[in-house]
Amino acid sequence: KPASSFVAKINEVGTLRFKVEVANPSRQKTTIALQDDNGNVLFSEYSFTDSQYSKVFDLTNLADGEYTFVIVSGKEKINKEFSIQTKTNR
């Protein structure tokens, strides 16, 4: 049994710009979501039967805080947490 039927990569490609790439060879129904630290879903998108998914998210309009990309494919789930901190404390 393979450890994972899909692979997700999330890379920062610029200031508060993240590229989400999902390789989904088994073509499982896949959901990509962005949540804040309270669990509120700020964005959700289905990529039903695509074997490849790629999208750049521009998050410059989000407030400072903790966020999580949640990628669910079939019964598998990957969480990728990140922080936005634009204000400098002095």
Side-chain angles (χ1 to χ4, degrees):
K1 177 180 164 183
S4 178
S5 63
F6 80 113
V7 176
K9 293 190 293 186
I10 301 170
N11 296 304
E12 193 164 358
V13 293
T15 304
L16 299 179
R17 290 170 57 85
F18 293 85
K19 185 174 186 180
V20 176
E21 296 177 282
V22 179
N24 183 13
S26 60
R27 296 179 182 263
Q28 292 278 339
K29 177 180 164 186
T30 303
T31 307
I32 293 96
L34 177 64
Q35 297 179 344
D36 65 14
D37 59 352
N38 294 319
N40 298 312
V41 176
L42 307 175
F43 172 86
S44 182
E45 181 170 89
Y46 293 97
S47 170
F48 281 99
T49 58
D50 294 338
S51 62
Q52 296 286 328
Y53 171 92
S54 180
K55 182 172 182 145
V56 174
F57 291 84
D58 182 349
L59 306 181
T60 54
N61 60 343
L62 294 181
D64 286 6
E66 303 291 320
Y67 296 90
T68 305
F69 279 107
V70 180
I71 302 167
V72 179
S73 182
K75 296 180 180 177
E76 298 176 71
K77 181 177 177 179
I78 294 175
N79 289 353
K80 171 72 172 176
E81 299 172 354
F82 65 97
S83 297
I84 293 178
Q85 186 173 356
T86 58
K87 297 180 179 69
T88 303
N89 297 327
R90 299 188 191 279

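Count residues from 1 along the sequence.
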query: Do Ile78 and Ile32 share a hydrophobic cluster (ILVMFWY, side-chain heavy atoms under 4.5 Å, transitive)?
result: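 Linked, Ile78 and Ile32 end up in one cluster.
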
message: Quick check on the hydrophobic clustering: are Phe69 and Ile84 connected, directly or via other members, by side-chain heavy-atom contacts under 4.5 Å?
response: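 Phe69 and Ile84: one cluster.
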
Which value, rounded to the nearest 0.5 Å, describes the distance between [X] atom [atom1] and [Y] atom [atom2]?
| X | Y | atom1 | atom2 | result |
| --- | --- | --- | --- | --- |
| Thr68 | Glu81 | OG1 | CD | 4.5 Å |
| Gln35 | Ser44 | CD | OG | 9.0 Å |
| Ile71 | Lys9 | CD1 | NZ | 12.0 Å |
| Thr15 | Leu59 | OG1 | CG | 11.5 Å |
| Leu34 | Glu45 | CG | CD | 12.0 Å |

query: Which atom pair, heavy atoms only, marks the closest approach of Lys19 to Val13?
result: CB-CG1, 3.7 Å

Closest non-hydrogen atom pair, Gly74 against Gln28: CA-OE1, 3.4 Å

message: Between Asn38 (side chain only) and Asn40 (backbone N and O only), is there a donor and an acceptor less than 3.5 Å apart?
response: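 Answer holds: no.
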
query: Taking Asn24 for the side chain and Phe6 for the main chain, is one N or O donor matched with an acceptor at less than 3.5 Å?
result: no

query: Of Thr86, Asp36, Leu42, Leu16, which meets side chain to side chain contact (heavy atoms under 4.5 Å, CB included) against Leu62?
result: Leu42

- request: Not counting sequence neighbours, list each pair that qualifies as a ring pair (Phe, Tyr, Trp, His ring centres under 6.0 Å) and has a residue in residues 12-44.
  value: Phe18-Phe82, Phe43-Phe57

message: So Asn11 and Glu21, do their side chains get closer than 4.5 Å, heavy atoms only?
response: yes

